[in-house]
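Here the structure comes first, spelled out in structure tokens, and everything after it is commentary.
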Amino acid sequence: MQTNKFPFRYFLILFLMLLLAILFWVIVFGFNKNSNGNEQTNIQRIVDRVFIDRPNTEEEYWHQEYLPEQAAQINPIDTTKIINDTLNQRRIVSNLVNIAIKNTSNSIAKFANELKQKYPSDEYKIVYIDSVVNRLQVQLPDKDRVNFKTEVKAKLNQYKLLVWDETLFDYVKTFNDPKLKDNSASWYLKAININKAWDQTTGDKKIVIAVIDNGFDLNHPELVGKAVKPYNVIDKSENVSPSKENHGTHVTSTIVANGNNNQGLVGICPECSFMPIKVEDQNGMVSNTYIIDAILYAIKNKADVVNLSLGMQIPMGLNIPLERQKEYINSSAKDETEFWDDLFNYASEKKVTCVLAAGNSNILTGFDPFQRAKSTIKVGAVNQNGIKAGFSNFGNYTTIYAPGTNIYGAKPGNSYEVLQGTSMAAPIISGLIGLIKSKNKNISNQEILKILDANTITKNNIKIIDIVSSIN
């Protein structure tokens with residue numbers, strides 16, 4: 001007869017252990033009342049904690065406490081943090097660094113999580129994030145900025161990163177002189193033979209020229225009824241009111257000022273529309289973050305041309321030998337150069353033509369990394385004698401020259417004034433491209449460059465716009 005191998009007490013112990021185990025898990029997973037009176041399990045709280053500390057999905061990555069509450073939310077520049085960067089000879093914000101992932105298939109939110117794991121200190125804050133071009137901005141101690149730009153690439157070497165400073169932009173400031181008003185207001189229109197272009201077209205309302213600038217008087221008689229999709233990149237509103245310094249209104253009137261209105265002067269492409277995009281914050285500051293958002297807005301909203309009569313702020317009194325300028329252009333600010341190149345290539349792929357003022361520092365165009373992209377058109381300035389203006393930047397990165405002295409244009413409050421600078425030359429070319437696109441909206445940037453090249457004269461080794469043939 002077979003006997004039981006285990007005594008009764010053995011099974012009793014097992015049974016008691018089972019009861020204890022059940023009691024343990026009941027306690028662990030017992031229901032508790034939360035602050036709102038809703039029942040929530042301990043296990044749910046544990047899961048929630050895991051989601052916070054170890055996100056697994058794209059949505060979870062975007063809902064982390066260290067990220068800004070809203071993506072692509074711009075904060076005004078802290079004017080107390082503005083310094084002259086003696087290494088790169090420009091004005092920057094000392095406690096901000098921009099980072100972009102070269103491979104846009106990577107998640108910027110996931111990257112942000114890995115960045116915070118490497119830099120968990122509250123002194124390192126992610127203050128801006130944008131998934132469109134996979135970019136974020138880190139606020140950090142001033143003293144750490146230089147080392148951080150190199151160190152972050154090494155610590156996160158699984159990514160191809162572009163890292164650069166938050167550079168301040170300017171409107172390529174104009175140069176006022178009372179004697180400028182002694183000249184004929186329309187000299188520059190005659191100088192470029194604009195009538196030969198107007199014989200072919202005066203523009204098309206469907207062609208939209210975005211003007212990225214410091215503000216606009218949309219009620220000025222020269223601009224009234226012409227604006228589409230106005231945008232303020234700072235507060236995400238339609239408020240694009242002009243600032244104290246007249247710039248955007250003048251620039252825009254050169255491009256699209258109304259014709260046949262019995263006052264002022266007519267624009268280069270008076271039948272075209274324009275998209276006013278304001279990039280100046282309440283402190284009167286403009287930085288590359290503002291400009292990037294503005295360009296993306298113009299592309300997204302299907303602008304045909306983008307006029308950028310602005311560039312980086314260069315410290316006053318800069319005097320660098322030409323050879324050192326060339327060396328700097330060839331060797332410095334490579335990450336920033338690559339980012340701008342990618343962004344402007346993206347614009348070109350969308351058939352958006354970007355026109356930049358070459359700058360008013362009488363140095364090589366391209367000293368500003370913003371100006372190095374081959375897919376943009378950089379415009380220098382000439383005077384009434386067809387000679388390079390003394391203030392105009394120059395060199396191989398300058399695509400074309402246009403009149404930029406004694407330019408008569410609109411001023412807020414139903415007024416006018418004469419200004420000068422490459423800021424005034426760039427809109428002449430933007431307006432001409434508006435005419436070209438009025439004839440062929442889908443023309444490529446390469447074809448536009450060929451048409452511009454065919455309508456130039458070479459004088460003193462520079463190419464100056466002079467309409468002598470078809471703009472088709």
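Residue indices begin at 1 and follow the sequence shown. Just so it is clear, the structure is predicted and the values come from calculations on it, not from any experiment.
Looking only at side-chain heavy atoms (C-beta outward), Thr252 and Lys226 stay at 4.5 Å or farther from each other. Val97 has its side chain out of reach of Glu166: every pair of non-hydrogen atoms, C-beta onward, lies at least 4.5 Å apart. At least one side-chain heavy atom of Ile212 sits less than 4.5 Å from a side-chain heavy atom of Ile291. You'll find the side chain of Tyr328 reaches within 4.5 Å of the side chain of Asn88, heavy atoms only. Inter-residue side-chain proximity for Lys229 and Tyr297 is flagged as met; some heavy-atom pair is nearer than 4.5 Å. A 4.5 Å side-chain heavy-atom check between Asn307 and Ile255 finds at least one atom pair inside the cut-off. The shortest distance between side-chain heavy atoms of Leu432 and Leu435 falls below 4.5 Å. Using a 4.5 Å cut-off on side-chain heavy atoms (C-beta onward), Phe216 and Asp213 make contact.
Gln64 contributes a side-chain N or O that, together with a main-chain N or O of Glu60, makes up a donor-acceptor pair within less than 3.5 Å. Within the 3.5 Å criterion, the main-chain N or O of Ala425 finds no donor-acceptor partner in the side chain of Thr422.
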*Quick one: do Tyr159 and Phe111 satisfy ring-ring contact (aromatic ring centres under 6.0 Å, His included)? Show the steps, please.*
CA-CA 9 Å; Tyr159 294 95; Phe111 168 77; 5.0 Å; yes
*Take Ile407 and Gln420 through the test side-chain contact (heavy atoms from CB on, under 4.5 Å) and record every step on the way to the result.*
CA-CA 6 Å; Ile407 306 300; Gln420 66 178 9; 5.7 Å; no
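No hydrogens or angles considered: a donor-acceptor pair under 3.5 Å links the side chains of Asp235 and Ser237. Judged by distance alone, the side chains of Asn445 and Ser348 do bring a donor and an acceptor atom under 3.5 Å apart.
The aromatic rings of Trp340 and Phe370 sit perpendicular to each other, their planes meeting at more than 60°, with 30° as the lower class boundary.
A side-chain contact (heavy atoms from CB on, under 4.5 Å) with Arg145 is found for exactly one of Ile92, Asn95, Leu96, namely Ile92. Put simply, the residue from Leu115, Asn147, Asn157 that forms a side-chain contact (heavy atoms from CB on, under 4.5 Å) with Val152 is Leu115.
Because its NZ or CZ atom is both nearer than 6.0 Å to the ring centre of Tyr119 and within 45° of the ring axis, Lys155 counts as a cation-pi partner of that residue.
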